[in-house]
Peer 1: 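Here it is, the structure, as structure tokens.
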Protein chains: 2
Amino acid sequence: MTQDSLFVPVQTGRAGEDIALQIQAAILEGRIEPGEKLPSERDLQTFYKTGRGVIREAFQVLKHKGLIEIRKGAKGGAYVKHLEVVFASESFALFLRQNRTDPMHLIEFRESIDHMITDLAIARGSSEEKRNLSEKADQLAAAVNDGTAGLKKLVELDRELNILFSKMARNPIFEWIMQAVQIGFSSMDNALYEDAEYRAYAVENWQETAMWILAADPVRTKSCIGYHYRILRQKVKEIRSASGTNIFADGSADG
Amino acid sequence: MTQDSLFVPVQTGRAGEDIALQIQAAILEGRIEPGEKLPSERDLQTFYKTGRGVIREAFQVLKHKGLIEIRKGAKGGAYVKHLEVVFASESFALFLRQNRTDPMHLIEFRESIDHMITDLAIARGSSEEKRNLSEKADQLAAAVNDGTAGLKKLVELDRELNILFSKMARNPIFEWIMQAVQIGFSSMDNALYEDAEYRAYAVENWQETAMWILAADPVRTKSCIGYHYRILRQKVKEIRSASGTNIFADGSADG
DNA sequence: GCATCCTAAATGGACCTACCATTGTACAAT
DNA sequence: ATTGTACAATGGTAGGTCCATTTAGGATGC
């Protein structure tokens, strides 16, 4: 793996590729600012002396990279976007899924990340954020105890808690990782939240964790987190041995 | 951020989107194995009762996600690929660039990862791997002292050391993360290795680190690593204030 | 004068046909 | 057996047509 020209060994399929790269370069170099509009497909078609299909293919690629947003109608067209972290996370999540990553590896990794974030979040998170975290944990608990909220809603709240937590570290890379892991393994989270025992336990643990973060006590926070992952490992083991099914088999990145 | 239908807020531009997602789902769920060939564009066109352009747009997106490879000619078509980590890294690097991510964030993240890996590597790495690591560190030192090896070669050796190190953790996620971060980092690594002082220091530190790993002493290993990152931060600060240029500005994701 | 409705233009979305370029295979010629 | 050639399959590109959506501006009615 010498990687001479470095980077993505994407087979250059010619024109569309070139155009996509040119536009991408223009965006990354700031020659086109977020919010600005690219020329219309037809204009670019004549500009590049090519077919409209080529331009469209290039646009689709850029759209999926999260670099542009395409609007229909008059005043429509391709608008340069601010790249959001989810887009960066999505491809990593894809990678994790396709490689059938062992849940235990993932748990180990996630636990490490959580521990790292803990220190940073306590040190750098604003008190408002810490209160928010605590409130959201209470919301989750309420939602679970009500029994009215659907599974999706619960998992969503759990996800938001994690994102909030990772944001407090004030380092976008941790956000990236956290989101990638969550996207890639939402099916696992779903499976776990189906278990009433886990559900009850998880929300309680979230509340306690949030409390210790609010109290700026990293040791106790980590203790909570560590306990959480012990339970999690156990549950995953149960699920796996019970069903024998691959919990990563159901769709999640495909809806 | 409610996101009911969950995930990547990609504006669903209709047909092409759907088809791309369907195929992606099929790939991720293993209904189509890597190496297998998708139907030809024309076949899919009739199957989905759609235009060929739609199929092509879907294919282009999948190609850029690294999920398929497209070959021309007879026996050509879309072949399912094994997703490589570079693809995940690419969008990550894109994100880092467009958001002008502070190199200090990357350093912070990398240091955290290194510390986590240290414990795992010492606990799980075989003695052979530990010896290999030490030998490779010596090789790097020799290469630097000879002065014969080019910059590229040195960075490459450094990279290999990191990979070797991360492999010892026996958790592929750490490997992938390490690779992704290295790719995102490559321009910085290059810049740093241009500095003779840093170069000399870095290789010495690698040797020492490898030694403590071989001695199974996590505390001293982490001490080495911590010191390494202190130097690294300082150098980055120097480079940044001296040149004023953004070290992520030079081409790397765009060609 | 204001609100409403209608129309026109711009634009992306989709479909179709045609042709070219590339590549592998089968078959003929040597 | 080797070589060369023709052919077929397939992606790559070009250009056109029509539709759906959206905005803006003008016409209409109150």
Side-chain angles (χ1 to χ4, degrees), chain A residues 8-24 26-27 32-81, chain B residues 5 8-24 26-27 32-81 255:
Chain A
V8 182
V10 75
Q11 53 177 323
T12 165
R14 213 98 106 237
E17 219 72 30
D18 280 347
I19 293 173
L21 285 175
Q22 281 184 44
I23 296 175
Q24 174 175 318
I27 293 173
I32 314 173
E33 295 282 319
E36 279 188 67
K37 184 168 109 54
L38 296 179
S40 74
E41 294 179 355
R42 288 170 178 87
D43 284 349
L44 282 175
Q45 175 186 0
T46 60
F47 177 79
Y48 283 115
K49 295 193 205 316
T50 180
R52 212 178 132 206
V54 171
I55 306 291
R56 282 187 61 77
E57 285 168 21
F59 273 17
Q60 292 301 315
V61 169
L62 293 176
K63 186 174 89 175
H64 271 82
K65 283 190 180 180
L67 285 168
I68 63 173
E69 173 197 353
I70 299 179
R71 300 190 206 134
K72 275 182 294 201
K75 287 293 192 73
Y79 289 80
V80 176
K81 282 210 315 178
Chain B
S5 81
V8 179
V10 75
Q11 51 176 322
T12 165
R14 210 100 107 240
E17 219 73 29
D18 281 347
I19 293 174
L21 286 175
Q22 282 184 45
I23 297 174
Q24 173 175 318
I27 294 174
I32 314 172
E33 295 283 318
E36 279 187 67
K37 184 167 111 52
L38 296 178
S40 73
E41 294 179 356
R42 288 171 179 86
D43 285 350
L44 283 175
Q45 176 187 358
T46 61
F47 178 79
Y48 283 115
K49 297 193 203 316
T50 181
R52 210 178 133 205
V54 171
I55 306 292
R56 283 189 61 76
E57 284 168 22
F59 273 17
Q60 291 303 314
V61 169
L62 293 176
K63 186 173 88 174
H64 270 83
K65 283 190 182 182
L67 285 168
I68 63 174
E69 172 197 353
I70 299 180
R71 299 188 207 135
K72 276 180 295 199
K75 287 292 191 73
Y79 289 80
V80 176
K81 283 211 314 178

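Order of the sequence lines sets the chain letters (A, B, ...), proteins ahead of strands, with each chain counted from 1. As the structure is a prediction and not an experimental result, all values here were calculated from the model.
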Peer 1: In terms of heavy-atom contacts, does NZ of A:Lys37 have more than 12 from other residues, nucleotides or ligands at under 6.0 Å?
Peer 2: yes
Peer 1: Is any NZ, NE, NH1 or NH2 atom of the basic residue among B:Lys81 and B:Glu69 found under 4.0 Å from an Asp or Glu carboxylate oxygen of the other?
Peer 2: no
Peer 1: Rounded to whole angstrom units, what separation is found between the CD atom of A:Glu41 and the P atom of D:dG16?
Peer 2: 16 Å
Peer 1: Within this structure, what is the CG-to-P distance between A:Asp18 and D:dG12, rounded to whole angstrom?
Peer 2: 13 Å
Peer 1: Is any N or O donor-acceptor pair between the side chain of A:Arg52 and the base of C:dG13 shorter than 3.5 Å?
Peer 2: yes
Peer 1: 5'-most contact on DNA chain C: A:Phe59 or B:Gln45, nearest heavy atom basis?
Peer 2: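 The answer here is A:Phe59.
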Peer 1: May I have the distance from B:Ile55 (atom CD1) to C:dC15 (atom C1'), rounded to whole angstrom?
Peer 2: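 Result: 12 Å.
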Peer 1: Is the base of C:dG12 touched by the side chain of A:Arg42 through a donor-acceptor pair closer than 3.5 angstrom?
Peer 2: yes
Peer 1: Compare side-chain N and O positions of A:Lys75 against OP1 and OP2 of C:dT11 and report whether any pair is under 4.0 Å apart.
Peer 2: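 Answer is no, no contact under 4.0 Å.
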Peer 1: Check this one for me: any side-chain N or O of A:Arg56 less than 4.0 Å away from OP1 or OP2 of C:dG13?
Peer 2: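 So the side chain of A:Arg56 is within the cut-off, an N or O lying under 4.0 Å from OP1 or OP2 of C:dG13.
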Peer 1: Whole Å only: how far is the CD atom of A:Gln60 from the C1' atom of C:dA14?
Peer 2: 12 Å
Peer 1: Using 0.5 Å steps for rounding, measure from the CZ atom of B:Phe59 to the CD atom of A:Gln60.
Peer 2: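 So the CZ of B:Phe59 and the CD of A:Gln60 are separated by 14.5 Å.
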Peer 1: Find which nucleotide of DNA chain D each of A:Gly73 and A:Glu57 is nearest to by heavy atoms, and output the residue with the more 5' nucleotide.
Peer 2: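 Looking at DNA chain D, the more 5' nearest nucleotide goes with A:Glu57.
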Peer 1: How many whole angstroms separate atom CD1 of A:Ile68 from atom C1' of C:dG12?
Peer 2: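 After rounding, the reported distance stands at 12 Å.
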Peer 1: Using a heavy-atom cut-off of under 4.0 Å over every strand shown, decide if B:Gly53 touches base, sugar-phosphate, or nothing.
Peer 2: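 It contacts nothing in the nucleic acid.
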Peer 1: Looking at D:dT13, D:dG11, C:dA10, which one has an atom nearest to any side-chain atom of B:Ile70?
Peer 2: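 Nearest listed nucleotide: D:dG11.
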Peer 1: Give the rounded distance in Å between these two atoms: NZ of B:Lys72 and P of C:dT22.
Peer 2: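 So the NZ-P distance, B:Lys72 to C:dT22, works out to 6 Å.
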Peer 1: Could you state the atom-to-atom distance from NZ of B:Lys37 to C1' of C:dG24 in whole Å?
Peer 2: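 Distance check: B:Lys37 NZ to C:dG24 C1' gives 13 Å.
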Peer 1: So, A:Lys63 and B:Glu17, do they make that salt bridge, N to O below 4.0 Å?
Peer 2: yes
Peer 1: Considering only heavy atoms from C-beta outward, does the side chain of B:Glu33 approach that of B:Val80 to under 4.5 Å?
Peer 2: no
Peer 1: Check the distance between D:dG15's P and A:Lys49's NZ and give it to me in whole angstrom.
Peer 2: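 From A:Lys49 NZ to D:dG15 P: 11 Å.
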